[in-house]
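For this chain, numbers begin at 1 and follow the sequence in order.
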Amino acid sequence: MLVLFPVESANRAASLMLRRAVEDAESVVSTEMGRDALTELCNVMANGFVDEWAELFDTPIDTGAPVAVQNPEMTLLHHIFSVSDVGLYLTSRLRLAADDIDVTVFVFPGEERFVTEISQFRPDVIDR
């Protein structure tokens, strides 16, 4: 999975994550602290998607720890496509209008079994 924030949205999301922990997020928060907060938010988002699929497929799905990267979208997508054997990916776009935050979640199923399983569901089951 790839959880991708545009730079401005990433900064706003990290600030929201740190709002309760730090009084003055703009002057006190280090780049590392902001990145850690955003990485944790991405972890929560990715695991939310995975948990839904695990429930839908009635099977546990293991996930690894998230890795923070800072690269243009096409560079990341090209890298993932170059190492993938399966030619399918799923995209979800989320917008939090109240906080002016945009995020795109890409899912790159690495196993043919996932592709086979998900293709058995009607689109209205997948598109909740």
Ser15 side chain to Asn11 backbone, donor-acceptor under 3.5 Å: no
Decide whether [X] and [Y] are clustered together by the hydrophobic rule: side chain heavy atoms of Ile, Leu, Val, Met, Phe, Trp, Tyr closer than 4.5 Å, transitively.
| X | Y | value |
| --- | --- | --- |
| Met45 | Leu56 | yes |
| Leu38 | Val7 | no |
| Phe49 | Ile61 | yes |

Over all atoms of both residues, closest heavy-atom pair of Ala37 and Ala14: CB-O, 4.2 Å
Contacts table for residues 94-105: side-chain donor-acceptor under 3.5 angstrom, sequence neighbours left out:
unit_1 : atom_1 : unit_2 : atom_2 : d
Arg95  : NH1    : Asp100 : OD1    : 3.3
Arg95  : NH1    : Asp102 : OD1    : 3.1
Arg95  : NH1    : Asp102 : OD2    : 3.3
Arg95  : NH2    : Asp100 : OD1    : 3.1
Asp100 : OD2    : Arg12  : NH2    : 3.4
Thr104 : OG1    : Arg93  : NH1    : 3.1

Ser92 side, atom OG; Met1 side, atom CE - distance, nearest 0.5 Å: 7.5 Å
Counterpart residues, side chain to side chain contact (heavy atoms under 4.5 Å, CB included), relative to Asn43 (two or more places apart): Glu40, Asn47, Pro66
